[in-house]
Amino acid sequence: MPYNMVTLSARCFVFAVLFNFPTGAFGNDRKSNRRNVLVLIGDDAGFESPLYNNSIIQTPGLNYLAGRSVLFDNAFTSVSSCSPSRSAILSGLPQHQNGMYGLHNSVHHFNSFTDLRSLPLILQKAGIKTGIVGKKNVGPEAVYPFDFEVTEEQMSITKIGRNITLMKDKASEFLSYIKSDQQFFLYIGFHDPHRCGSTKPQYGEFCEKFGNGEPGMGLIPDWKPVHYNPEEILVPYHVQDTPKARSDIAAQYTTIGRMDQGIKLMLQLLEKYGYLDNTLVIFTSDNGIPFPSGRTNLYSAGISEPFLLSSPEGKAKWGQRNKELVSLVDIVPTVLDWYGLDYPDYKLQGHKVQLTGQSLLPLVHKDNSFDSVPTNSDYTTSDQVGKRTFQLKPA
Ligand SMILES: *[C@@H]1O[C@H](CO)[C@@H](O)[C@H](O)[C@H]1NC(C)=O
Ligand SMILES: *[C@@H]1O[C@H](CO)[C@@H](O)[C@H](O)[C@H]1NC(C)=O
């Protein structure tokens, strides 16, 4: 992007912020009937966490979130590719229905249909303040508008998607604009743990050196890098056990650690602004890990996703795991259900649009009435998350 365009979008951004959010007074006393949502998306994140049986990598941020969530063991994306998957997350319609058949960025240039009613559009119309920090990679802008946007469209994706201090600052800025009678939807798109060897080789294969404080790497003040020995990491079943794979996985773990610490920072922000007890938090990823049979493949390793759903109104089920089959197209119905909003009645290409996903709230709230799913006798809600490998911190 030429420099003058960067300046222009930065100006538009500042204007949008001032226009949409007159400054106000912010206290920590929030009315409990206000409901907010925080969506945390990892980029090519997989099951590298003690939550999913990996006893080597440390993910204290995810562990903490899991202690306030129901963890899903069988969550799937509708497609194993970045923009198409993100368009499904933000529209509730699979890529072939929303129009995003391929990548949105640069030369690929795929977009969703102009008449699509995306989640940010529906929420904006309902008066809910929307924010996005980090990776977006969906379009067109008119279909996916956010009131507050700091993404790869305003600055480099390495900075806004991997510098967790910067991401924290921008998320904090968004939260500081929310007035006491407003509700918000905040989407955080981590660029970790995506590979970066082909674009920024100086930072390592997974950008695991970016911001680590070593000469030329810059510093991310909130990040404490954790390093792993390639000999001790766990090679996934679908990856060949070679020295190159092992060194890649060790680097991937370090980068996952940065995302994990970023997740903790976001939860701390909710706490700081007094939103921990009225915000629904979702953590998942867009597609499988960038290894053979993972990302872009229609194998289990390509389409399975980690998935945590944290409802402050579902404390009785916190720390439990759930084996139901869930999909990322369930996110839109879940968020609409949380806010008490209906999906709009409209047509795309002459056909009435219907969501195929379902709200997951009944699965995480006390009154479990998910009537379309038969009770599975193997299914036990008393399995405590991660009992074997780590101790959950109290909320
Ligand atoms: C982790 O272990 C649990 C319990 O054995 C199992 O249900 C689950 O499928 C495993 N998850 C992964 C990602 O291997
Ligand atoms: C990360 O962001 C912080 C806050 O803007 C900044 O001080 C720091 O230099 C940035 N680090 C890198 C490596 O870009």
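Whatever order the structure lists ligands and atoms in, that order sets their numbers, starting from 1. Everything numeric in this text was worked out from a predicted model, so none of it was measured.
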Worksheet item: Can you find a pair of side-chain heavy atoms, one from Phe113 and one from Gln349, that are under 4.5 Å apart?
Response: yes
Discussion item. Less than 4.5 Å apart, side chain to side chain, heavy atoms only: is that true for Thr284 and Thr77?
Written reply: no
Discussion item. Using a 3.5 Å cut-off on N or O atoms only, is Thr165 in polar contact with ligand 2?
Written reply: no
Fill in: Proximal ligand 2 atoms for Leu166, defined as those under 4.0 Å from one of its heavy atoms
2 (O), 5 (O)
Discussion item. Show the atoms of ligand 2 that are less than 4.0 angstrom away from any heavy atom in Phe210.
Written reply: 13 (C), 14 (O)
Discussion item. Are Leu93 and Tyr101 connected into the same hydrophobic cluster when the rule is that any two of I, L, V, M, F, W, Y join if their side-chain heavy atoms are below 4.5 Å apart?
Written reply: yes
Item to complete: Kindly indicate whether the side chain of Asn111, heavy atoms from C-beta on, has any atom under 4.5 Å from the side chain of Val143.
Response: no
Discussion item. Measuring from atom 9 (O) of ligand 2, which candidate in Ile160, Asn212, Ile164, Leu219 has the nearest non-hydrogen atom?
Written reply: Leu219
Worksheet entry | pair Tyr52-Pro306: side-chain heavy atoms closer than 4.5 Å | yes
Item to complete: Please identify which atoms of ligand 2 are closer than 4.0 Å to at least one heavy atom of Asn163.
Response: 1 (C), 2 (O), 3 (C), 8 (C), 10 (C), 11 (N), 12 (C), 14 (O)
Item to complete: Ignoring hydrogens, tell whether any protein atom lies closer than 4.0 Å to atom 14 (O) of ligand 2; use the non-hydrogen atoms only.
Response: yes
